[in-house]
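Here is how names work: the chains are called A, B, and so on, in the same order as the sequence lines, proteins then strands, and each is numbered from 1. Note: hydrogens, waters and symmetry copies are ignored here, and every other heavy atom, side chains too, is used.
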Protein chains: 2
Amino acid sequence: MVPKTPSTTAEAGTARERLLAAAERALLESGYERLSLRSVNVAAGMNPAAVHYHFGSKDALVAALLEDRLGPLWQDALADLSARAEDGVPPSVADLVDVVITPLVELAADPLGRLRLHLLARFVLGRRRGLPAAFTARWFGLEPWARLLRATRQDLTEREAARRWALAFALVLQHFGDPLADAPGEPAPPGTLRTFVMAGLDA
Amino acid sequence: MVPKTPSTTAEAGTARERLLAAAERALLESGYERLSLRSVNVAAGMNPAAVHYHFGSKDALVAALLEDRLGPLWQDALADLSARAEDGVPPSVADLVDVVITPLVELAADPLGRLRLHLLARFVLGRRRGLPAAFTARWFGLEPWARLLRATRQDLTEREAARRWALAFALVLQHFGDPLADAPGEPAPPGTLRTFVMAGLDA
DNA sequence: GCACCGATTCAAGCACTGATTGAATCAGTG
DNA sequence: CACTGATTCAATCAGTGCTTGAATCGGTGC
């Protein structure tokens, strides 16, 4: 599961990509709180209004970066699990948790991945504007996850399953993305987190 | 369990308290991200350097507000539970979780309490400078909690118990404090959270 | 009462911030 | 070539946390 490569969409043009690359470098260097649009514009060799022209706002720049650099990590695995569940072989709760956690562990193994997790956690947990609803739904639509949990735990209501997943994702995102920290470091090994979340979902 | 009353320490003087009160009002009105020191200074009827003179920085102002307004919610209950454990009656995991959650539910019942939870979550989860180490240890020293958990679950190492509590507090603080939101609203009823955290600790 | 000294208050100023504005330039089309 | 929409540009705005040096205040000792 590799991070998504930079967009080469023809109509996006070079200016947008230069701004995204400059923003990513600045974020890596000094973090989200100190991200200055002026320095992004300068680093991209453009005028001071470039970010606003192309993206509309600071948040939208970062949201665009996220959307461009981070694909839907769980989409394939989620489709597999859903297909299995329909074949009468529902995944265990451990399977579900591992599907969620494994790609995050990989992402967190290098600074660029960690930056992306950090931004994702900030935007999702902060419910920041800028991310298109489609992006958020693709990432954090809880309905498929709730459905899979209930395939094993048929005693849970749909609402209860969704609530549990909301808590699980909140904790997982916080663990891997450390959204409130200035400079997110390497997360702790996920053993305890895995145990905790599995138990919480299967309570 | 009432929020702590404003400090009446003689050497703090009127200026500090005026600034704290003005800051609290501004925070209630427009939230942490939009807290402007100029407006706090004006609202307190003071000159533009007052916050810096008395507190040193914006973060330190808010940390001082937190420290002044929010006492150690769990101190008494923690002492009770520790005494019982020493008498050979260890608390159940449910008892532990209820001790943590109950005062937070009360705080979250009104906007002022929610503001304080929000600030607490921001500072603690963001590991913000400004809070004295003693304050943080009093609030989030995990050792007594780990000890109580291990009184029931003697199979857990001290490290594992502490790790589980770190996750539990992170999730609980996020749930009640919603630290990344601009305007924290009322948290969802804590039933699912309680179940989730209890299961996670007792996994 | 006066001088001294530390604490406090004050206004002005600094460098920086996201965002806006109107003009200039560019590139494609008929 | 003229037109048009897209893009770039520099200047500007209102606001930000923070610093600075001067003025004022209040307490103390002589």
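- Set against D/dG17, C/dT9, D/dA10, the side chain of A/Pro48 has D/dA10 as its closest nucleotide.
- Applying the 4.0 Å criterion to OP1 and OP2 of D/dC9, one finds that A/Asn47 has a side-chain N or O inside that range.
- Taking CD of B/Glu106 as the start and CG of B/Leu73 as the end, the distance is 9.0 Å to the nearest 0.5 Å.
- One atom, CE of A/Met46, and another, P of C/dT25, lie 17 Å apart when rounded to the nearest Å.
- For the pair B/Leu19 CG and C/dT8 P, the interatomic distance rounds to 12 Å; values are reported in whole Å.
- Between B/Arg16 atom CZ and C/dT9 atom C1' there is a gap of 16 Å when expressed in whole angstrom units.
- Residue A/Arg38 places its side chain closer to C/dT17 than to any other of C/dT17, D/dT16, D/dA10.
- Rounded to a whole Å, the CG atom of B/Leu37 is 13 Å from the C1' atom of D/dT19.
- The distance from the CZ atom of B/Arg38 to the CG atom of B/Asn47 is 11.5 Å, given to the nearest 0.5 Å.
- Looking at heavy-atom distances under 4.0 Å, A/Leu61 makes no contact with the nucleic acid at all.
- Interatomic distance, B/Leu81 CG to B/Trp74 CH2, rounded to the nearest 0.5 Å: 13.0 Å.
- Comparing D/dG17, D/dT8, C/dA19 by their nearest atom to the side chain of B/Ser36 picks out D/dG17.
- Remark: A/Tyr53 is not in phosphate contact with D/dT8, judged by side-chain N or O atoms under 4.0 Å from OP1 or OP2.
- C/dG30 and D/dC1 make up a base pair, with Watson-Crick or G-U wobble contacts both under 3.5 Å.
- Rounded to a whole Å, the CG atom of B/Asn41 is 14 Å from the C1' atom of C/dA12.
- When each of B/Glu160, B/Arg164, B/Arg159 is tested with A/Thr192 by the rule side chain to side chain donor-acceptor pair (under 3.5 Å), just one qualifies, namely B/Glu160.
- Distance B/Lys58 NZ to D/dG17 P: 5 Å, rounded to the nearest Å.
- Of the inter-residue distances, the one linking B/Ser92 atom OG with B/Arg153 atom CZ reads 13.0 Å to the nearest 0.5 angstrom.
- Distances from the side chain of A/Ala49 to the nucleotides D/dA10, D/dT20, D/dG17 place D/dA10 closest.
- Residue A/His52 contributes atom NE2, which lies 16 Å from atom C1' of D/dT7 at whole-angstrom precision.
- Checking the phosphate oxygens (OP1, OP2) of D/dT8, a side-chain nitrogen or oxygen of A/His54 falls inside 4.0 Å.
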